[in-house]
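Input: a single structure, listed below in structure tokens.
Side chains included, hydrogens not; waters and symmetry mates left out as well; all remaining heavy atoms used.
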Amino acid sequence: MKNLVLLPVLFLFTLTSTFAQSDSKAIQLGVKGGVNFSTITSDDFDDLKSRTSFNVGLLAEIPITERLSIQPEVMYSGQGFDVREIDQDNAFDTDDNIEYQLDYIQVPVLVKVYLVKGLSVEAGPQFGFKIHEELDFEPNSDGGDIEINQDDSYVKDFDTSLALGAAYKFDNGFFVNGRYTFGLTDIFKDDTLFENVDAKNALWQVGVGFMF
């Protein structure tokens, strides 16, 4: 688990250091945080609701030209979905209200294009490392909270997705951003109950940050 956390951080440090050797004065480092609204997209689950959580992390902006930059990030991202009043014929076989927590260390590597001063659009791949999985039942149910270990999990440890977003950076270094991330790979493992289910992560993020 420690290696899963340290690997993305090491990646960000290595990438930033490589570019810094050529043009250190142009690189900016920053922190960011915000709200997540996540779910999974699947034709097999039509009653899922979004889970509200948060994200927080580090980023670097590496200019290539005056208008073009590369922006790698490393962040904790609370994802998953809510199961609300599902009937017994659903794949989850429950009528309890459940929050299915899927927490990741996410590593986006974005191409950032400035349209005008301060305003930019961004897009790029995102690589997710699952660090925690848990079922949280509503307070009045008999289920309680169940933490899912590695051996019992139906969800893959690694996820890939594509991120699209926009941001506005003020002269003092503060910025606001919004982003949509949609999964490119199925989240469920083969040889499990959900092996034939086509399901992918989907995530809206809204946040703020500061570039040093």
message = Quick one, L164 with R179, criterion side chain to side chain contact (heavy atoms under 4.5 Å, CB included). Give me CA distance, side-chain angles, the key distance, then yes/no.
response = CA-CA 6 Å; L164 304 171; R179 183 179 301 172; 6.0 Å; no
query = Given the rule in the side chain to side chain contact (heavy atoms under 4.5 Å, CB included) test, do Q28 and L59 qualify, once you have shown the distances and angles that lead to the verdict?
reply = CA-CA 8 Å; Q28 288 185 296; L59 69 153; over 6 Å; no
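Counting heavy atoms from C-beta on, the side chains of Y114 and S69 come closer than 4.5 Å. T52 places none of its side-chain heavy atoms less than 4.5 Å from the side chain of E99. Within the 4.5 Å cutoff, the side chain of I98 has no heavy atoms near those of the D136 side chain. With contacts defined as side-chain heavy-atom distances shorter than 4.5 Å, the pair N97/F137 does not qualify. Taking 4.5 Å as the limit, every side-chain heavy atom of K130 sits out of range of all side-chain heavy atoms of K156. You'll find the side chain of L48 reaches within 4.5 Å of the side chain of I40, heavy atoms only. For the pair E133 and Q101, the minimum side-chain heavy-atom distance is 4.5 Å or more.
In this structure, the separation between CG on N177 and CD on E122 is 6.0 Å, given to the nearest 0.5 Å. The distance from the OH atom of Y154 to the OH atom of Y100 is 8.5 Å, given to the nearest 0.5 Å. Taken to the nearest 0.5 Å, the CD1 atom of I62 stands 11.5 Å off from the CG atom of L68. Note: T185 OG1 to I187 CD1 = 9.0 Å, rounded to the nearest 0.5 Å.
Looking only at atom types and distance, the side chain of D103 has no donor-acceptor partner in the side chain of Q79 under 3.5 Å away. N55 and Q106 share no donor-acceptor pair across their side chains, judged by distance under 3.5 Å alone. Residues S161 and T181 bring no donor and acceptor atom of their side chains to less than 3.5 Å of each other.
A salt bridge is absent between R51 and D82: the closest approach of a Lys/Arg side-chain nitrogen to an acidic carboxylate oxygen does not fall below 4.0 angstrom.
Listed by first then second residue, pairs satisfying ring-ring contact (aromatic ring centres under 6.0 Å, His included) with a partner in residues 47-75 read F54-Y76, not counting sequence neighbours.
Remark: E61 pairs with K112, K169 by the salt bridge (charged side-chain N to carboxylate O under 4.0 Å, His left out) rule, at least two apart or across chains. D152 meets the salt bridge (charged side-chain N to carboxylate O under 4.0 Å, His left out) test with no other residue; sequence neighbours excluded. In this structure, the salt bridge (charged side-chain N to carboxylate O under 4.0 Å, His left out) partners of K32, at least two apart in sequence or on a different chain, are E73.
The heavy-atom pair separating S38 from G78 by the smallest distance is OG-O, 4.2 Å. For the residue pair A60 and L29, the shortest heavy atom distance occurs at CB-CD2, 3.6 Å.
Put simply, the side chain of S153 gets close to the backbone of V155: a donor and an acceptor are under 3.5 Å apart.
Cluster annotation: L135 is connected to L193 through the hydrophobic network of ILVMFWY side chains, with a link wherever side-chain heavy atoms come within less than 4.5 Å. Using a 4.5 Å cut-off between side-chain heavy atoms of Ile, Leu, Val, Met, Phe, Trp and Tyr, with links allowed through other members, I148 and F188 fall into the same hydrophobic cluster. Under the 4.5 Å side-chain heavy-atom criterion for grouping Ile, Leu, Val, Met, Phe, Trp and Tyr, V121 is not connected to L110 through any hydrophobic cluster. Linking Ile, Leu, Val, Met, Phe, Trp and Tyr residues whenever their side-chain heavy atoms come within less than 4.5 Å places I105 and V56 in a single cluster. Linking ILVMFWY side-chain heavy atoms closer than 4.5 Å, directly or via other members, places V109 and L162 in two distinct hydrophobic clusters.
In this structure, F158 has its ring center under 6.0 Å from that of F129.
In the displayed structure, D43 atom CG is contacted under 6.0 Å by at most 12 heavy atoms of other residues, nucleotides or ligands.
M75 belongs to no hydrophobic cluster with other residues, because no ILVMFWY side-chain heavy atom falls under 4.5 Å from its own, directly or through intermediates.
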For residues 198-212, please give each side-chain donor-acceptor pair under 3.5 Å, one per line with the distance, not counting sequence neighbours.
unit_1: D198; atom_1: OD1; unit_2: K200; atom_2: NZ; d: 2.8
unit_1: K200; atom_1: NZ; unit_2: D186; atom_2: OD1; d: 3.2
unit_1: N201; atom_1: ND2; unit_2: Y104; atom_2: OH; d: 3.2
unit_1: N201; atom_1: ND2; unit_2: D159; atom_2: OD2; d: 3.2
unit_1: Q205; atom_1: NE2; unit_2: N36; atom_2: OD1; d: 3.2

